[in-house]
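Accompanying notes for the structure given below.
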Amino acid sequence: MKQKQLFVVFLIALLIAGFGGMSVPDKAGAAGVEKIGVLYIVHGGFSEYKAQYLWDVSIQMFSYDPNHSVYKIVIWNSPFWSMVLKAGNAPKEIPKYSYAYDRLGGIDPFPGYTDQQVADLEAELNAAACDGIEFVVDWAGWMSGEQIEHYAYPRGIYYPPSGTGDNVTYCGEGEAGGPWAGCDPDRFNVDGPVERFIAAGVSKIIAIDQTTGGVRFFKTYDVIKMMRKGFADYGVSIPIEWLNDPQSLMDASYPTDPAGWTTTLGAPTVDPSVPLAGNPNPVVEDVRLAELHAEGIAAGFNSAVSNADTGVILLNHATRDYAQTYDPKIDDTLVINQNIKTELIAMGLDPDNIVGAYMGIKESNPYHPTGKAEYTREMRGENLGHAWLYETDPGQLPGGEWGYLYWDALQYLKDRGVQHIVIGFPQITVDSVLNLVEVHIQIAKEIGTKNWLKWGTFDYATYPGTGHPFTDYWGNWVTTDCEEWTLDYTSGSTEYTLGADIAGQTSGATAKIKSYTIDSGSFAGGDAAGSLVLMNIVGTFVDGETVRDDESPAGAALADGAAYLTSESNCCFEMGGCGPLRQYPPPRMDSLNNALTFMDPSLAYDVSEYGHLGYDQALGAPDPNAPVQNQYTGTWAMYQPPNDDPRVAEMLADHILLAADCDETLIELAEFKAVPGSRKVTLSWTTESETNNVGFNIYRAEAADGPYEMINDEIIPAEGTPTEGASYTFVDTGVQNRKTYYYKLEDIDANGTAVQNGPEKATPRLIFALF
């Protein structure tokens with residue numbers, strides 16, 4: 001029987017059996033209770049570094065894109081499974097993550113904090129006690145290494161969607177040292193959020209995310225689409241309301257041609273133009289989120305430096321090319337950045353000392369036949385800076401204070417004379433290897449390790465054994481063999497090809513041509529003379545022999561002496577250099593006409609004591625004990641994410657409760673009391689917070705059980721905010737002395753939902769007028 005038939009039989013069997021107790025959704029549960037699913041979406045990762053987890057998340061990343069070659073060729077094709085950790089970014093990620101996890105004592109705190117946030121969110125929703133509603137809370141990660149059951153739809157990976165191919169059961173059989181210990185080959189054959197929501201019988205799903213700090217992003221949209229795919233496979237229809245995108249902007253603006261478009265296909269043919277105006281993101285607009293980040297930035301202040309002399313960089317990851325056709329991530333980022341800036345200005349920071357920044361990006365290689373983009377040292381060997389604003393073609397970067405690259409932002413603040421710099425990273429709400437190690441190292445290579453605020457006292461709780469996250473050089477994944485030779489030539493008659501293999505026709509010596517120069521003559525004239533820069537040399541070239549490349553037509557010339565060593569094999573990653581044959585930065589090892597890869601040692605940066613900014617190697621050696629030349633002389637620190645702060649869950653729960661139309665408005669009432677006077681009763685109440693509150697009404701009755709009548713002529717307008725409450729007073733003069741009255745306070749939200757509090761009673765008396 002074909003795989004597709006097996007999968008269909010499997011699905012039918014699950015539906016008939018109820019998925020082990022599952023049933024097709026029914027809006028009304030027991031006793032008329034409606035079950036509403038709540039899906040908290042996060043980026044995801046894994047607490048311990050293992051090759052198995054890296055393989056799993058690699059497969060998950062590509063599972064969202066049916067147009068990618070890995071999706072079409074690798075995922076369900078067992079002969080290719082062992083290639084996953086040998087191709088693409090894997091050779092870089094393996095040593096990088098191995099280092100980062102080791103610095104953290106082997107544990108990334110991200111999953112633990114996520115679990116706590118989910119538990120807090122569930123507690124907040126349960127405490128709300130919404131009449132007729134039961135919340136079913138779950139979470140999904142865009143990637144989920146050790147908790148595959150929290151990938152949106154694991155069986156969507158386990159079974160080949162075409163019905164042909166191999167079930168995904170790889171356990172490292174093709175890896176060195178494999179198979180992986182304790183690996184379950186059927187780990188993807190498990191229930192995920194899709195199956196659990198079906199089993200619970202939810203009527204709809206309210207999704208809210210902090211994948212990258214709450215901004216709308218293609219990764220969260222991937223999860224939403226995967227949830228929809230899972231429901232379609234099971235033949236059920238459960239609507240998903242994504243609170244970060246309540247108007248479904250990303251659906252409406254998604255390219256429609258070619259059909260099934262993804263960014264892998266490049267620029268779309270038809271891209272619906274949907275204005276961003278009128279399509280807000282209420283989560284990033286919530287000032288409480290900005291306040292949490294601002295508090296985290298303040299936690300990184302230096303007590304010895306005034307706030308006016310403190311600078312802040314709001315560092316943000318970007319999106320990918322062509323995602324700007326439907327992804328407003330950068331625009332949402334600007335909203336939260338501005339809200340954070342407002343909070344920081346209130347703390348006394350100079351507005352001009354608060355800027356936003358992004359990572360590096362590939363640049364065109366002028367030597368490549370088609371100008372192919374490559375990693376460059378000038379852009380820090382990175383490819384993370386696609387900070388394109390929504391619906392811009394070609395992609396446009398933010399301008400002004402929000403458009404810096406991070407090293408330029410550091411330079412800007414250094415030039416302004418700030419004495420302390422805090423690096424905020426508002427696209428995360430929990431600590432992870434990203435901000436605890438990687439970003440630390442990126443900043444340190446620019447302005448130094450010994451300028452780190454914790455240097456000297458250190459942080460052994462976060463970094464057991466070392467007290468700090470810093471490595472010797474940024475780019476610990478790069479090649480460390482830098483051997484390079486030069487061979488002079490004369491009488492060149494046919495031009496050489498960059499990147500070609502070359503051989504001595506007498507000696508049999510071989511090498512690869514990295515670059516060459518023409519110092520005199522020309523190949524056309526048959527008298528070109530110059531030098532070849534060679535790598536991967538084997539054997540010894542002899543004077544006067546013909547050296548010819550393997551192209552057609554073959555480049556040819558005469559060797560003018562033997563090849564001589566110009567760079568030793570051991571790369572130099574020390575800012576001052578390591579001797580005459582070990583230059584810093586190391587020489588480029590990829591041929592000029594080939595795009596430079598991230599493994600090239602020339603992209604590595606020394607993570608030095610006082611950093612690269614303001615240092616010129618030509619002016620002298622660096623000093624490990626003090627800044628030299630114009631290096632930064634202040635201090636710097638990373639900000640503290642909210643992590644397990646319960647206010648994160650409170651904020652998320654408020655948005656969910658509002659979307660669920662719970663029979664309560666989102667206010668926290670601190671006090672409501674009725675104080676009698678002579679022929680009057682003074683009603684006073686205080687709120688701790690108000691979300692979406694329009695105002696209040698006062699109701700009065702002469703008996704506790706009513707009937708109650710509204711006594712205010714018009715609604716008493718709300719004055720509180722989600723983070724600050726307010727105090728109110730209303731005086732009822734339509735009463736008699738020596739008679740008891742009962743009062744209820746009603747609050748009304750923007751949807752017209754009203755909730756009454758009380759009753760409180762009071763008996764007006766003449767005696768109260770004497771005081």
Side-chain angles (χ1 to χ4, degrees), residues 41 43 58 60-75 87-89 142-143 209 211-213 215-226 228-229 242 244-245 247-277 279 281 316-335 356 358-365 368 370-376 379 382-399 402-403 405 427 595 598:
I41 305 175
H43 188 277
S58 298
Q60 291 167 22
M61 291 177 193
F62 292 110
S63 69
Y64 299 108
D65 187 356
N67 296 310
H68 199 284
S69 58
V70 173
Y71 184 100
K72 294 187 288 187
I73 299 172
V74 176
I75 299 181
N89 283 345
W142 183 73
M143 62 167 67
D209 87 87
T211 302
T212 46
V215 300
R216 287 169 287 192
F217 188 28
F218 73 80
K219 290 185 178 180
T220 309
Y221 190 67
D222 283 345
V223 175
I224 299 290
K225 290 196 297 181
M226 190 60 68
R228 292 170 178 164
K229 178 182 184 301
W242 181 16
N244 304 66
D245 191 20
Q247 306 298 324
S248 299
L249 170 69
M250 294 182 77
D251 277 333
S253 62
Y254 198 84
T256 56
D257 187 41
W261 175 89
T262 61
T263 56
T264 296
L265 299 180
T269 304
V270 178
D271 173 29
S273 181
V274 181
L276 188 60
N279 289 283
N281 181 341
N316 295 285
H317 266 296
T319 183
R320 62 170 58 144
D321 274 337
Y322 308 114
Q324 73 269 19
T325 55
Y326 69 100
D327 181 350
K329 177 182 181 182
I330 306 307
D331 304 79
D332 281 0
T333 297
L334 299 185
V335 172
Y358 295 91
M359 311 291 187
I361 196 170
K362 286 183 178 181
E363 296 180 309
S364 177
N365 177 353
H368 190 276
T370 62
K372 187 175 182 179
E374 68 174 8
Y375 296 89
T376 67
M379 298 299 280
E382 297 172 6
N383 190 37
L384 300 168
H386 301 273
W388 310 139
L389 292 164
Y390 174 70
E391 294 264 336
T392 58
D393 183 26
Q396 296 177 12
L397 290 166
W402 306 125
L405 292 160
Q427 291 185 329
F598 47 66

Between [X] and [Y], is there a donor-acceptor pair closer than 3.5 Å when you use the side chain of the first and the backbone of the second?
X: Tyr64; Y: Trp142; value: yes
X: Gln427; Y: His317; value: yes
X: Gln324; Y: Tyr322; value: yes
X: Ser253; Y: Val274; value: no

Between Thr264, Thr262, Thr263, which is the residue that forms a side chain to side chain donor-acceptor pair (under 3.5 Å) with Asn67? Thr262

Which heavy atom of [X] sits nearest a heavy atom of [Y], and at what distance?
X: Lys372; Y: Ala595; value: CD-CB, 4.1 Å
X: Pro398; Y: Ala387; value: CD-O, 3.2 Å
X: Leu265; Y: Pro258; value: CD1-CG, 3.9 Å
X: Leu249; Y: Pro275; value: CD1-O, 4.0 Å
X: Pro272; Y: Ala252; value: CB-O, 3.6 Å
X: Ser364; Y: Gly371; value: OG-O, 2.8 Å

Taking atom types as modelled and ignoring hydrogens, do the side chains of Asp327 and Thr319 form a donor-acceptor contact shorter than 3.5 angstrom?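 Asp327 vs Thr319: donor-acceptor pair found between side chains.
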
Working note: Ile361 + Leu405, criterion side-chain contact (heavy atoms from CB on, under 4.5 Å); need CA distance, chi angles, decisive distance, verdict. CA-CA 10 Å; Ile361 196 170; Leu405 292 160; 5.9 Å; no

Can you find a pair of side-chain heavy atoms, one from [X] and one from [Y], that are under 4.5 Å apart?
X: Phe598; Y: Asn89; result: yes
X: Phe217; Y: Thr333; result: no
X: Lys219; Y: Thr212; result: no
X: Met250; Y: Arg216; result: yes
X: Glu391; Y: Asp271; result: yes

The criterion is side-chain hydrogen bond (donor to acceptor under 3.5 Å, both in side chains); which residues satisfy it with Ser69, sequence neighbours excluded? none

Hey, what do you get for [atom1] ([X]) to [atom2] ([Y]), rounding to the nearest 0.5 Å?
X: Ile41; Y: Asp209; atom1: CD1; atom2: CG; result: 5.5 Å
X: Lys229; Y: Ile224; atom1: NZ; atom2: CD1; result: 15.5 Å
X: Met379; Y: Leu384; atom1: CE; atom2: CG; result: 10.5 Å
X: Asn383; Y: Glu363; atom1: CG; atom2: CD; result: 10.5 Å
X: Trp242; Y: Thr220; atom1: CH2; atom2: OG1; result: 5.0 Å
X: Asp332; Y: Leu276; atom1: CG; atom2: CG; result: 7.0 Å

Got a sec, which residues hit ring pair (Phe, Tyr, Trp, His ring centres under 6.0 Å) with His68, two or more places apart in sequence or on another chain?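 Ring pair (Phe, Tyr, Trp, His ring centres under 6.0 Å) check on His68 returns Phe62.
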
Mind checking what makes ring pair (Phe, Tyr, Trp, His ring centres under 6.0 Å) contact with Tyr254, not counting sequence neighbours? Tyr221, Trp261, Tyr326

Hey, is Lys362 close enough to Asp321 for a salt bridge, meaning N to O under 4.0 Å? no

